[in-house]
Peer 1: 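Sharing a structure, written as structure tokens. Questions coming.
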There are 2 protein chains.
Amino acid sequence: MTRMPPPTVLDRLLEIGELFQHDMATAFDGTGLTPARVRVLWVIRHGGPMTQQALATALGVSARNVTGLVDALEQGGHVARSPHPTDRRATIVSLTGAGEQRMTQMQSEHADLTADLLDAVEPADRAALARGVDAIAERLRALIAADAERRTSSAERSA
Amino acid sequence: MTRMPPPTVLDRLLEIGELFQHDMATAFDGTGLTPARVRVLWVIRHGGPMTQQALATALGVSARNVTGLVDALEQGGHVARSPHPTDRRATIVSLTGAGEQRMTQMQSEHADLTADLLDAVEPADRAALARGVDAIAERLRALIAADAERRTSSAERSA
DNA sequence: TATTGTTATACTCTATAACTATA
DNA sequence: TATAGTTATAGAGTATAACAATA
């Protein structure tokens with residue numbers, strides 16, 4: 001049994017990530033929405049109507065996965081499928097009126113939460129906090145990209 | 001299609017949470033480990049050998065879920081089940097030698113990552129960053145607790 | 001020949017409910 | 001009567017592989 005060390009900044013960041021997830025997962029009860037489905041809605045909200053292939057790339061998941069997510073969102077009335085104007089293989093997914101409305105509401109709730117949480121930080125600490133999380137996010141992105149690169153080239157060597 | 005607003009501190013925290021998850025999920029290829037299983041290992045590592053019931057409480061998941069996770073970890077040789085000395089209903093789950101070894105390695109990798117990421121932050125910003133994330137984590141915990149409270153009492157009213 | 005989306009199949013995480021053995 | 005763990009069942013998210021229609 002190992003002694004629990006005092007939490008570091010990183011431990012706190014991990015905890016915050018888990019708390020956010022928990023908050024997300026419990027917030028959608030009865031709406032037919034789930035974290036994965038809401039991610040789809042955010043991508044369309046920000047990127048506009050797009051093919052399922054584009055959704056798969058933007059979300060970093062398989063095409064098969066997108067089929068299932070869009071099926072559920074379509075059945076729930078949040079998105080609609082329409083034929084691509086020129087490519088008859090492709091399907092365009094767009095938000096319905098109800099979907100747009102829901103996203104507007106979620107965006108406003110997100111803004112409220114942002115304001116509430118930032119309000120808990122000492123005003124004098126806010127600028128440094130913003131710089132700090134930016135730096136950490138950037139470094140983490142770089143580490144993951146390097147890791148993916150390493151993984152890819154080692155896969156190529158073995159092929 | 002909505003204009004993408006500049007990322008706030010909260011957006012960055014969400015992004016960091018997702019990056020950590022991604023990092024976790026890809027780090028276990030070929031080990032038979034998954035994020036959920038590793039969470040079990042961390043709880044035992046910090047809390048010592050315990051019953052599955054205690055694990056379920058510590059993890060915040062159902063007893064059924066623990067059965068499955070422990071099954072997989074046992075099969076992978078990371079943990080062992082043993083009878084409770086006095087309560088013949090209960091099972092004690094403890095780390096095997098291999099499990100301990102794996103956790104020591106993961107703990108060291110976690111420490112390296114912590115040092116690496118913190119190193120990316122300007123030294124003058126570090127104290128404010130630590131205070132800021134502490135404050136945000138505390139506020140978020142309070143919000144979620146209040147939400148759970150509200151949910152519970154409304155469930156009681158309808159019962 | 002390559003790409004888009006679907007069907008087929010499988011694995012992980014999660015939950016509730018029913019059941020067994022014990023307390 | 002209550003608790004610990006399991007079996008039964010189900011739903012969500014994810015993946016790969018095979019396939020049809022189209023480019």
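All of these numbers come straight from a predicted model, not from anything done at the bench. Below, chain A is the first sequence line, B the second, and so on; all start at residue 1.
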Peer 1: Give the rounded distance in Å between these two atoms: CZ of A:R89 and C1' of C:dT4.
Peer 2: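 After rounding, the reported distance stands at 6 Å.
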Peer 1: Any salt bridge (charged side-chain N to carboxylate O under 4.0 Å, His left out) pairs touching residues 127-136 of chain B, not counting sequence neighbours?
Peer 2: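 Salt bridge (charged side-chain N to carboxylate O under 4.0 Å, His left out) check on residues 127-136 of chain B returns A:R12-B:D134, A:D125-B:R131.
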Peer 1: Without decimals, in angstroms, what is the distance between B:F28 CZ and D:dT14 C1'?
Peer 2: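 That distance rounds to 17 Å.
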Peer 1: Regarding B:T86, tell me which of base, sugar-phosphate or nothing describes its non-hydrogen contacts under 4.0 Å with the strands shown.
Peer 2: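 Result for B:T86 = sugar-phosphate.
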Peer 1: Looking at DNA chain D, which of residues 64-80 of chain B put a heavy atom within less than 4.0 Å of it?
Peer 2: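 The stretch gives B:R64, B:T67 as the residues lying under 4.0 Å from the strand, ordered by number.
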Peer 1: D:dG11 P sits how many Å from A:L33 CG, rounded?
Peer 2: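 Atom CG in A:L33 sits about 18 Å away from atom P in D:dG11.
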Peer 1: Rounding to a whole Å, what distance do you find between B:Q21:CD and D:dT14:P?
Peer 2: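 To the nearest whole Å, that distance equals 10 Å.
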Peer 1: Quick one: B:M50 CE to D:dG5 C1', roughly how many Å, whole number?
Peer 2: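 So the CE-C1' distance, B:M50 to D:dG5, works out to 17 Å.
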Peer 1: Where the side chain of B:T34 is defined as all heavy atoms beyond and including C-beta, which of D:dA4, C:dC13, D:dT14 is the nearest nucleotide?
Peer 2: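 When the side chain of B:T34 is considered, C:dC13 is the closest of D:dA4, C:dC13, D:dT14.
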Peer 1: Do the side chains of B:L59 and B:L95 join up, straight or via other hydrophobic residues, at under 4.5 Å, putting them in one cluster?
Peer 2: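 Same cluster.
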Peer 1: Measure from the side-chain N and O atoms of B:T96 to the backbone N and O of B:G77, and report whether any donor-acceptor pair falls under 3.5 Å.
Peer 2: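 Present.
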Peer 1: Specify the residue among B:T51 and A:A36 whose closest nucleotide of DNA chain D lies further upstream toward the 5′ end.
Peer 2: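 Its nearest nucleotide lies further toward 5', so the answer is B:T51.
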Peer 1: Quickly work out the A:D29 CG to C:dT14 P distance and round it to whole Å.
Peer 2: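 Whole-Å distance recorded here is 16 Å.
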Peer 1: Quick one: which of D:dA15, C:dT4, C:dT6 gets closest to the side chain of A:V61?
Peer 2: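 Closest of the options to the side chain of A:V61: D:dA15.
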Peer 1: Which nucleotide, D:dA23, D:dG5, C:dA23, lies nearest any side-chain atom of B:D87?
Peer 2: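 So the side chain of B:D87 is nearest to C:dA23.
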Peer 1: Rounded to the nearest Å, what distance is computed from the CG atom of residue B:L59 to the P atom of nucleotide C:dA15?
Peer 2: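 Nearest whole value for this atom pair: 10 Å.
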Peer 1: Which pairs count as salt bridge (charged side-chain N to carboxylate O under 4.0 Å, His left out) when at least one residue sits in residues 59-72 of chain B, sequence neighbours excluded?
Peer 2: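 Passing the test, one end in residues 59-72 of chain B: B:D71-B:R81.
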Peer 1: Of the options C:dA23, D:dG13, D:dG5, whose atoms approach the side-chain atoms of B:R88 most closely?
Peer 2: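 Closest of the options to the side chain of B:R88: C:dA23.
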Peer 1: Have a look at B:T91 and say if it touches a base, only the backbone sugar-phosphate, or nothing, with a 4.0 Å heavy-atom cut-off.
Peer 2: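 Contact class for B:T91: sugar-phosphate only.
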Peer 1: Can you tell me which residue among B:I144, B:L140, B:L143 is in a side chain to side chain contact (heavy atoms under 4.5 Å, CB included) with A:D23?
Peer 2: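 When side chain to side chain contact (heavy atoms under 4.5 Å, CB included) is applied between A:D23 and each of B:I144, B:L140, B:L143, only B:I144 qualifies.
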Peer 1: Are any of the side-chain heavy atoms of A:R102 and A:T31 separated by less than 4.5 Å?
Peer 2: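 They are in side-chain contact.
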Peer 1: Heavy-atom nearest nucleotide on DNA chain D for A:R37 versus A:A63: which residue maps closer to 5'?
Peer 2: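 Its nearest nucleotide being more 5', the pick is A:R37.
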Peer 1: How close or far is atom P of D:dA20 from atom CD of A:Q52, stated in whole angstroms?
Peer 2: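 Result: 19 Å.
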